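Whatever order the structure lists them in is the order used to number ligands and atoms, beginning at 1. Along the sequence shown, the residues carry numbers beginning at 1. This is a predicted model, so every value here is computed, not measured.
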Amino acid sequence: MAFNFSKDNLPKQLFINNEYVESKNSAKLTLNNPKDGSLVADDVALAGEQDVDAAVAAAEKAFPAWKKMAPTQRRDIMMKLASLIEENGKALAELTRITLGAPYGSFGAFETGLAAEAFKYNAGWIDKFAGQSFPQEDGFLKIVRNEPLGVTAGIVPWNGPLGTVGLKAAPALATGNCFILKPSEKTPFASLALGPLIKEAGFPPGVFQVLSGDGSTGALLASHMKIRKVSFTGSIPTGKKIQEMAAKSNLKRVTLELGGKSPAVVFDDCNLENAVTWTANAITANTGQVCFAASRVYVQEGIYDKFIEGYKKAMQDKAKVIGDPDDEGTVLGPLVDEAQFKRVSGFIERGQKGQGKLLTGGSRVGDKGFYIEPTVFTDVDINSEIHNQEIFGPVSVVRSFKTEEEIIALSNSTSFGLMAGVFTQDINKALRVASDFDSGMVGVNCVSLMMMTAPFGGSKESGIGRECGEYALRAFTEPKTIMINLTY
Ligand code: NAD
């Protein structure tokens with residue numbers, strides 16, 4: 001099974017038990033290219049109940065041997081997959097770009113790199129993820145082992161189709177679980193194309209499988225009685241449904257990486273240029289379709305006018321590099337599809353009716369495809385929807401503030417808690433504010449970034465659990481306590 005996928009040869013079948021198979025479900029997925037709305041395919045597999053059951057059965061069969069495989073052998077398989085993803089990175093990114101619209105230079109390369117890095121990083125943990133032991137002086141030696149859960153699943157969104165695969169599949173597989181991947185119905189191709197790479201890397205049949213499908217496929221996984229864990233990245237409403245399905249079925253473990261409305265707090269004493277660069281990049285990367293984008297920018301009044309001048313210019317400069325995602329010079333592509341375009345445009349339209357003042361942007365770019373200008377609102381009402389809801393496009397709101405106390409309260413006032421940023425040259429203030437933010441992640445003189453080595457995730461409705469670092473391995477294992485009676 002050679003890897004020869006491209007936009008002219010798309011993978012459209014399910015990958016079960018190390019083979020491509022037709023779905024038993026007659027319904028299919030339809031996909032369009034967001035750069036011009038043209039049809040990409042209308043015959044992509046949408047996995048139904050029989051397909052999910054077949055994948056779960058194959059995974060259950062594969063689990064005992066996979067769990068017992070020598071750590072070094074499992075590590076080598078994971079490392080090989082990382083190399084294969086790197087070797088085929090451009091082709092994989094093209095398969096994503098054709099329905100996501102994200103340029104290679106500004107997004108595709110990062111995303112495939114993230115997936116490869118996740119496999120390398122987690123492979124390195126395989127023989128280092130130690131358990132614990134406790135004092136035996138009471139006559140019992142206590143050993144705690146990190147046991148894999150069994151058959152696990154990952155349901156991923158369209159905005160980071162391959163990166164999120166790495167963040168879920170790699171720790172799941174490293175810890176000895178079998179893993180079923182369900183990509184988004186909007187971006188299935190890079191995931192489906194992993195088939196030959198999974199096989200060539202040496203994963204035994206049933207260990208790592210890919211089921212394309214929509215919410216109905218995700219629901220089958222989340223409510224399956226034999227799946228022991230679902231790791232989900234996506235919207236808050238879907239995350240809530242998944243937790244409910246998990247509870248109502250077999251109480252499977254759940255990790256939820258959900259939405260955000262992340263604040264960036266810019267103090268008078270910051271390095272202005274640095275603050276402008278990070279905040280402008282944060283809301284325009286992947287055309288603003290990033291969960292931890294800094295979409296609320298709060299600027300202290302002493303620096304407000306200067307910041308606004310710089311931020312407006314930076315956003316207008318971004319508008320100049322909007323274009324066809326297939327062209328090398330393009331930095332910003334279109335929004336993912338018509339539904340997302342209508343959603344973002346709706347926020348912008350309503351925002352102009354009394355919620356805030358339009359500083360820049362606000363319009364569609366061109367007359368075909370789903371392009372939109374980077375858009376900034378100032379003087380925003382703190383009770384308005386543009387201030388409090390996730391827009392998931394290149395749209396930010398800016399407000400001025402006076403005091404640290406006031407801005408911490410406002411920063412923490414939404415139901416989200418994914419990321420926050422503070423810009424200041426005063427280290428005491430930076431650390432004070434960082435500890436006062438109610439969020440899973442904080443950037444100091446930076447914002448909207450992630451590290452493979454450190455926990456990634458949110459507080460409040462932004463999620464449950466963490467990815468990356470050792471936390472990801474914990475999320476895919478169960479501690480087992482073994483008590484040894486030393487008297488006999
Ligand atoms: P979504 O919730 O619509 O879909 C995500 C995935 O869930 C898709 O694969 C979809 O098919 C599946 N799904 C839909 N309904 C389902 C159901 N009832 N049961 C099971 N699965 C179902 O989200 P989206 O539009 O693909 O992604 C955008 C959202 O994801 C944004 O809110 C964004 O902030 C969030 N996101 C969060 C992170 C993070 O790490 N915190 C990262 C990226 C995106």
* Using a strict cut-off of 4.0 Å, indicate which atoms of ligand 1 neighbour a heavy atom of Ile242. =>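 Those of ligand 1 that fall under 4.0 Å from Ile242 are 20 (C), 21 (N).
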* What are the atoms of ligand 1, with element, lying closer than 4.0 Å to any heavy atom of Gly259? ->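 Listed by number with element, the hits are 32 (O), 34 (O).
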Before we go on, tell me: are the rings of [X] and [Y] under 6.0 Å apart, centre to centre?
X: Phe15; Y: Tyr20; answer: yes
X: Phe392; Y: Trp158; answer: yes
X: Tyr121; Y: Phe119; answer: no

For [atom], grab the closest protein heavy atom and report residue, atom and distance to one decimal in Å.
atom: atom 1 (P) of ligand 1; answer: Ser235 OG, 3.6 Å
atom: atom 18 (N) of ligand 1; answer: Lys241 CD, 3.9 Å
atom: atom 10 (C) of ligand 1; answer: Glu185 OE1, 3.4 Å
atom: atom 28 (C) of ligand 1; answer: Phe392 CE2, 3.7 Å
atom: atom 44 (C) of ligand 1; answer: Asn159 OD1, 3.2 Å
atom: atom 27 (O) of ligand 1; answer: Pro157 CB, 3.4 Å
atom: atom 38 (C) of ligand 1; answer: Cys291 SG, 3.0 Å
atom: atom 21 (N) of ligand 1; answer: Gly218 CA, 3.4 Å

* For ligand 1, is Gln289 a contact, meaning one of its heavy atoms is under 4.0 Å away? ->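 No, Gln289 has no heavy atom closer than 4.0 Å to ligand 1.
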* Asked: Can a non-hydrogen atom of Phe456 be found less than 4.0 Å from any atom of ligand 1?
  ->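 Per 4.0 Å heavy-atom rule, Phe456 contacts ligand 1.
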A cation-pi test, strictly: NZ or CZ of [X] under 6.0 Å from the centre of the six-membered ring of [Y] and no more than 45 degrees from its axis. Yes or no?
X: Lys460; Y: Phe416; answer: no
X: Arg364; Y: Phe341; answer: yes
X: Lys168; Y: Phe179; answer: no

* Shortest heavy-atom approach to atom 6 (C) of ligand 1 - which of Leu29, Val156, Thr238, Thr164 ->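 Among Leu29, Val156, Thr238, Thr164, the closest heavy atom to atom 6 (C) of ligand 1 belongs to Val156.
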* **Of the listed options Val336, Leu258, Val230, closest to atom 41 (N) of ligand 1 (non-hydrogen atoms)** =>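 Selected option, by shortest heavy-atom distance: Leu258.
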Residues [X], [Y]: salt bridge by 4.0 Å N-O rule:
X: Arg97; Y: Asp326; value: yes
X: Lys24; Y: Glu49; value: no
X: Glu461; Y: Lys240; value: yes
X: Lys28; Y: Asp43; value: no

* For Ser23 and Asp51, does a side-chain donor sit closer than 3.5 Å to a side-chain acceptor? ->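 Asp51 and Ser23 do have a side-chain donor-acceptor pair below 3.5 Å.
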* To do: Show your reasoning for whether side chain to side chain donor-acceptor pair (under 3.5 Å) applies to Asp438 and Ser459.
  => CA-CA 7 Å; Asp438 191 348; Ser459 65; 3.2 Å; yes
Checking contacts here: is it the side chain or the backbone of [X] that comes within 4.0 Å of ligand 1, counting heavy atoms only? Could be both or neither.
X: Thr217; value: neither
X: Glu390; value: side chain
X: Ile155; value: side chain

* **Contact check: Trp158 vs ligand 1, nitrogen or oxygen atoms, below 3.5 angstrom** =>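 Yes; the residue has a nitrogen or oxygen that sits under 3.5 Å from a nitrogen or oxygen of the ligand.
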* Answer yes or no: does an N/O atom from Ile236 fall short of 3.5 Å to an N/O atom of ligand 1? =>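 N/O-N/O distance under 3.5 Å: no.
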* Within 4.0 Å of atom 4 (O) of ligand 1 (strictly less), any protein heavy atom? ->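 Within 4.0 Å: no protein heavy atom nearby.
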